[in-house]
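Worksheet: one structure, shown below.
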Amino acid sequence: MPPATNQSEATAHVTAINDDVVTIMLDDPNQGALIKNEVVHICPPPDPGMNRTALKAEVLRVRGNEADVQVYEDTAGIGIGDPVIQSGEQLVVELGPGLLGQVFDGLQNPLPQLEVLNGRFLQRGVEIQALDHKRSWSFEALMRSGDQARAGDVLGVVQEGRFRHRIFVPFAMAGTCRVEWIQAGTFPVDTVVARLRDEHGHEHSVTMVQHWPVRQPLTSAQTRERRSERLYPDTPLTTTLRLIDTFFPIAKGGTACIPGPFGAGKTVLQNLISRYSDVDIVIIVACGERAGEVVETITEFPQLKDPRSGGSLMDRTIIVCNTSSMPVAAREASIHTGITMGEYYRQMGYDVLLIADSTSRWAQAMRETSGRLEEIPGEEAFPAYLESSIRTLYERAGSLRSPQGDSGSLTLIGTVSPAGGNFEEPVTQGTLNTVKTFLGLSYDRAYKRFYPAVDPLISWSRYTDQLAPWFSQHMGREWRDRVERLRQLLRQGDDIQRMMQVTGEEGVSNDDYLTQQKAQLVDMVYLQQDAFDPVDVSTPLKRQKAMVELLTRVVETPFALSDKTAVRDTFTRLTDLFRNLNYAADGSETYQHYLQRIEAVMATPSSDQTPEVSDTD
């Protein structure tokens with residue numbers, strides 16, 4: 001709820017202001033204390049004819065009776081001596097039915113409701129409950145009076161769209177409690193649906209909504225008590241993007257980063273991943289990206305068709321946006337807000353994908369705050385604890401077995417926007433030292449219209465060995481060897497291409513030129529995908545397997561071509577045939593037609609016998 005703004009509740013006052021970092025001091029040190037990460041509200045004088053506002057802030061550093069706080073809103077108008085109200089709580093999010101399909105700011109205020117109240121221009125000091133407390137939900141009780149329960153156990157469920165949304169015993173509940181009373185029916189989220197009595201005899205009322213600190217992992221207590229178990233990720237996140245699934249797989253519950261310069265296609269790539277990945281819930285956190293890109297995401301997602309359900313993609317999506325035009329301090333909080341909601345749905349046994357765009361802006365927000373706190377800077381003026389913060393962030397991803405025995409996953413993919421495409425800068429390097437899949441975008445490939453513009457020669461995945469048993473079982477024992485041979489071919493082709501840039505085609509042998517053409521074929525027809533073609537945009541694993549087998553046969557066919565012209569002509573024809581094959585639906589007559597023509601080229605591999613083929617045949 002919005003904080004009270006009665007000055008009589010103030011326990012501290014402002015003593016210094018440095019942009020969005022404000023120093024406060026207790027009015028009476030004997031009557032209270034300042035606590036790190038506590039939320040406080042600063043109350044500047046109101047504008048003429050306006051009510052007094054309360055600006056939300058978070059304590060960053062405590063020094064005795066003084067503390068430095070970061071203000072999540074514009075600090076204009078704050079003056080020395082302004083009253084400060086302490087909340088006694090950390091920054092929290094509301095968790096309950098009704099989160100899906102919503103667009104929040106970095107502090108979980110629903111933006112559509114803010115627009116209704118205040119118009120297109122956001123007002124300071126306005127807080128709105130994240131969930132609609134007037135909407136009713138049908139609650140089905142799964143426990144009975146007298147049952148024993150612990151934190152994280154399921155009291156009941158409600159139907160949230162096509163998802164069964166579990167209502168948990170509050171995660172902060174200590175020890176074992178007894179269900180004194182529970183009711184089923186249709187209620188708003190803040191209606192009491194159960195009463196629990198703890199080990200000390202105290203009674204607790206439980207509603208369908210609970211609050212949780214964003215900086216604390218949701219399942220930390222359950223993991224310590226070994227009621228929840230972190231699992232070893234052993235299943236790939238299927239994105240239907242051939243380059244990722246085949247060459248650089250990401251595990252469900254794993255971590256990945258997509259660094260790249262401006263214009264390399266990060267936004268399109270992350271939209272494709274979020275749309276076609278085999279996950280239940282998608283959370284997109286725009287922590288500092290340009291407002292135009294965020295607006296495009298907000299307007300496009302409700303129009304996109306969910307390939308899993310046929311409905312709107314927004315039905316299983318949550319968007320948290322804190323654009324570059326919004327307060328800097330809220331960028332740092334926004335990603336924690338998104339992760340906490342992701343952990344909540346993971347606890348229900350769902351597979352969750354969180355995409356953070358971009359962690360560079362999040363790190364820049366930390367750099368600005370660190371500079372105003374006058375902390376000792378690290379490389380490029382980023383805080384010395386930058387890499388530790390990045391690790392702490394990505395460690396909240398993972399696969400988890402809940403107390404109910406089912407498992408869920410939270411996969412975290414962060415995009416990075418290094419200045420000038422320099423992958424040696426601190427944010428990129430700190431991220432690479434943490435994540436296990438690196439999808440490096442290349443401006444050169446984007447300039448050539450090679451999309452997705454992931455450079456296969458610099459990208460890598462540490463999940464290859466980890467996921468090998470799964471691929472061996474589902475894609476065949478030869479899968480890993482085939483992929484490795486294709487990867488080696490790409491490296492050899494690149495070396496020969498670099499040599500040809502110096503010496504020309506005449507400077508390489510026929511065999512080397514043939515190798516280069518084979519590598520180019522793999523690049524053109526397998527690594528590239530047309531995001532605007534309804535078939536090629538999404539390639540299931542079954543089709544990827546068939547394509548890899550076919551490509552392997554082609555590149556390992558002993559073509560006996562007399563000169564470089566014959567090599568070029570043959571592989572130009574093969575490239576056209578493969579591209580048309582990519583655009584043909586599985587099992588269609590068109591698909592079979594182009595498949596037969598590729599087989600015909602392989603059946604007559606000499607320059608004298610290779611049949612002429614064209615798209616008009």
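What you see below is based on every heavy atom in this structure, not just the backbone, and it leaves out hydrogens, waters and symmetry mates.
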Check whether the side chains of S402 and D406 place a donor and an acceptor atom closer than 3.5 Å, and report yes or no.
yes
Identify each donor-acceptor pair in which a side-chain atom of residues 103-115 lies under 3.5 Å from a protein atom, sequence neighbours left out, and give them as a table.
unit_1	atom_1	unit_2	atom_2	d
D105	OD1	L107	N	3.0
D105	OD1	Q108	N	3.1
D105	OD1	N109	N	2.7
D105	OD2	N109	ND2	3.1
Q108	OE1	E94	N	2.7
Q108	NE2	E94	O	2.9
N109	OD1	I128	N	3.1
E115	OE2	R120	NE	2.5

Between the CG atom in L304 and the OG1 atom in T317, the distance rounded to the nearest 0.5 Å is 9.0 Å
d(M475 CE, K542 NZ) to nearest 0.5 Å is 11.5 Å
Contacts of Q270 meeting side-chain hydrogen bond (donor to acceptor under 3.5 Å, both in side chains) (sequence neighbours excluded), chain-then-number -> D357
Which of T207, T191, V189 passes side-chain contact (heavy atoms from CB on, under 4.5 Å) with H133? Answer is V189
Check your understanding: Under a 4.0 Å N-O cut-off, is there an ion pair linking E58 with K36?
Key -> no
Per salt bridge (Lys or Arg N to Asp or Glu O under 4.0 Å), R316 is matched among D351, D306, D280 by D306
Value for CE (M341) from CD1 (I339), rounded to nearest 0.5 Å, stands at 10.5 Å
Margin query: Test side-chain hydrogen bond (donor to acceptor under 3.5 Å, both in side chains) on T239 and D245; report intermediate values, then the result.
Written below: CA-CA 6 Å; T239 65; D245 294 344; 2.9 Å; yes
By side-chain hydrogen bond (donor to acceptor under 3.5 Å, both in side chains), T246 pairs with (sequence neighbours left out) Y526, Q544
- Near-ring test F139/F187, centroid separation under 6.0 angstrom: no
Shortest non-hydrogen pair, A264 vs A446, comes out as CA-CB, 3.9 Å
Self-check item: K252 and D278 ion-paired at < 4.0 Å
Solution: yes
Tested for side-chain contact (heavy atoms from CB on, under 4.5 Å) against R166, the lone hit among D153, V157, L155, V158 is V157
Looking at F382, I'd like to know if the NZ or CZ of R367 sits under 6.0 Å from its six-membered ring centre while staying within 45 degrees of the ring's axis.
yes
